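Heads up: the structure comes next, in structure tokens.
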Amino acid sequence: MDLNTIKDVARPRARSELPVWTAGDAWLAGGTWLFSEPQVHLSRLIDLADLKWPPLEVNATGLTMAATCTIAQLDALACPPDWLAAPLINQCCRAFLASFKIWKTATVGGNLCMSLPAGPMISLTSALDGVCTIWRADGTERKVTVLDFVTGNQRNVLAAGDLLRQIDIPLAALKRRSAFRQISLAPVGRSAALLIGSIAAEGGLLLTVSASTKRPVRLAFGKVPAPHELREAILHGIGDGDYHDDIHGKPFWRKHMTLRLAEEIRSELSGAAAPP
């Protein structure tokens, strides 16, 4: 899509070169959504490419993903063998409703900032206790968990001029045994429910519900719960109004699938047989 209202493209090479944010500005990273439809309210793009942030850094504390890291770069990451949760990376990359061409352009940060319920990078980073670093427009920094970063359907904590710099995944989360479940109305459709469960070091179950809900929801248990305990926790922890409603799934169906997929995850991680 040609954006014929754009009058200028800024290309900063460091934070000190970021221009003062004004009405009509937009950050440009992958641009897969930005160039997908007219943006008549925009007059300037601020291209982040020349900042040259390292896409991925594996270090002693875990994994750092630059907001500009592409899905293809993330999917190609060679993870240490003790990262038991590493399969989640590839599973969430493949939960995208996107072609391999989009994979090479779309970014992790862009997926978070769009804040769609079905955003698989939101699912991945929230399930792995991701923490966002935000460069605020006033020159300061703010850190917020991914669970708190997304506040609703296409809503998040970013104020005008704020920039998502990176997402840090702690090592402890990457070492947790995990289970993944996802469902769509169509074979290659947008996720209608995407649940990730993992076993904490203390033996408790951590369940992250996304796609079926307007924002990611975390349910934590001191131990692996019994089936009825899990069901009751979901019914009490996620209200009917928290389920997303669009052409990719009605709330009552999303709720039903959330309960079913959660029980499959509980069974897998407890070693029990999966439900029929």
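None of the values given here were measured: they were computed from a predicted structure.
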task = Could you tell me whether the side chain of Leu116 reaches within less than 4.5 Å of the side chain of Gln154, counting heavy atoms only?
result = yes
query = Is there a donor in the side chain of Ser43 and an acceptor in the side chain of Lys7, or the other way round, less than 3.5 Å apart?
reply = no
ask   = For Asp148, does its backbone N or O pair with a side-chain atom of Thr145 as donor and acceptor, under 3.5 Å?
value = yes
query = Strictly by modelled atom types, are Ser115 and Asn156 linked by a side-chain donor-acceptor pair under 3.5 Å?
reply = yes
task = Write down the atom of Pro12, the atom of Asp47, and the distance for their closest heavy-atom approach.
result = CD-O, 3.4 Å
message = Show the nearest heavy-atom pair for residues Ala85 and Ala173, with the distance to one decimal.
response = CB-O, 3.7 Å
key: Side-chain donor or acceptor of Lys214 paired with backbone N/O of Gly241 under 3.5 Å   = yes
key: Residue pair Asp82, Leu174: steps toward the side-chain contact (heavy atoms from CB on, under 4.5 Å) verdict   = CA-CA 8 Å; Asp82 61 343; Leu174 291 162; over 6 Å; no
query = Which heavy atom in Leu42 sits nearest to a heavy atom in Ala26, and how many Å separate them?
reply = CD1-CB, 3.6 Å
ask   = Under a 4.0 Å N-O cut-off, is there an ion pair linking Arg254 with Asp245?
value = no
key: Note, Val108 side chain near Thr70 side chain (heavy atom, < 4.5 Å)   = no
task = Could you please spell out the steps behind the side-chain contact (heavy atoms from CB on, under 4.5 Å) verdict for Arg142 and Thr133?
result = CA-CA 6 Å; Arg142 177 187 180 189; Thr133 297; over 6 Å; no
When the side chains of residues 157-166 are checked against the rest of the protein, which donor-acceptor pairs come out under 3.5 Å, sequence neighbours left out?
residue	atom	partner	partner atom	Å
Asp162	OD1	Ala137	N	3.1
Asp162	OD2	Ala159	N	3.0
Gln166	NE2	Asp168	OD1	3.4
Gln166	NE2	Asp168	OD2	3.0

Side-chain touch Phe252/His256, heavy atoms, less than 4.5 angstrom = no
ask   = Arg177 side chain to Leu269 main-chain N or O, any donor-acceptor pair under 3.5 Å?
value = yes
Any residue meeting ring-ring contact (aromatic ring centres under 6.0 Å, His included) with Trp135, in chain and number order, not counting sequence neighbours = Trp53
ask   = Are Ser123 and Phe180 side-chain neighbours, meaning at least one heavy-atom pair lies under 4.5 Å?
value = no
ask   = Any side-chain heavy-atom pair from Cys93 and Trp103 closer than 4.5 angstrom?
value = yes
Leu34 vs Leu45 side-chain heavy atoms within contact, under 4.5 Å = yes
remark   = Paired with Leu48, the side-chain contact (heavy atoms from CB on, under 4.5 Å) test is passed by just one of Thr107, Thr68, Leu28, namely Thr68
Pairing residues for Thr140 by the side chain to side chain contact (heavy atoms under 4.5 Å, CB included) criterion, not counting sequence neighbours = Arg136, Asp138
message = Atom CZ of residue position Arg231 - does it have more than 12 heavy atoms of other residues, nucleotides or ligands inside 6.0 Å?
response = no
ask   = Side chains of Ser267 and Glu264: donor-acceptor distance under 3.5 Å anywhere?
value = no
query = So, Asp50 and Arg13, do they make that salt bridge, N to O below 4.0 Å?
reply = no
task = Taking side chain to side chain contact (heavy atoms under 4.5 Å, CB included) as the test, write out the residues that go with Thr22, two or more places apart.
result = Asp25, Arg44
inquiry  = side-chain contact (heavy atoms from CB on, under 4.5 Å), that's the test. Do Phe149 and Val131 meet it? Break it down for me.
reply    = CA-CA 9 Å; Phe149 179 85; Val131 176; over 6 Å; no
Donor-acceptor under 3.5 Å (Asn59 side chain, Thr61 main chain) = yes
ask   = Taking all non-hydrogen atoms of both residues, which atom of Thr208 and which atom of Ala127 are closest, and how far apart?
value = OG1-CA, 3.5 Å
task = For the residue pair Ile134 and Lys143, establish whether any side-chain heavy-atom pair is separated by less than 4.5 Å.
result = no
message = Is it the case that the side chain of Arg266 and the backbone of Pro225 share a donor-acceptor pair, with hydrogens and angles ignored and the cut-off at 3.5 Å?
response = yes
message = How close do Val150 and Leu112 get, counting heavy atoms only, and between which atoms?
response = CG2-O, 4.4 Å
inquiry  = Can you confirm whether Asn90 sits close enough to Asp75 that some side-chain heavy atom of one is under 4.5 Å from a side-chain heavy atom of the other?
reply    = yes
query = Does any N or O in the side chain of Glu229 come within less than 3.5 Å of the main-chain N or O of Ala226, such that one atom is a donor and the other an acceptor?
reply = yes
Would you be so kind as to tabulate the donor-acceptor pairs closer than 3.5 Å made by side chains of residues 189-204, with sequence neighbours excluded?
residue	atom	partner	partner atom	Å
Ser191	OG	Gln182	NE2	2.9
Ser198	OG	Arg176	NE	3.0

ask   = Is Arg11 salt-bridged to Glu17, going by a charged N under 4.0 Å from an acidic O?
value = no
note = Those residues at least two apart in sequence (or on a different chain) that pass side chain to side chain contact (heavy atoms under 4.5 Å, CB included) with Ala233 are Phe221
inquiry  = Can you see whether Thr105 engages Thr32 through a side-chain donor-acceptor pair at a distance of less than 3.5 angstrom?
reply    = no
query = Do you know which two heavy atoms are closest between Ile169 and Gly130, and how far apart they sit?
reply = CD1-CA, 3.6 Å
message = Assess whether a salt bridge exists between Asp242 and Lys255, defined as any Lys/Arg side-chain N lying under 4.0 Å from an Asp/Glu carboxylate O.
response = no
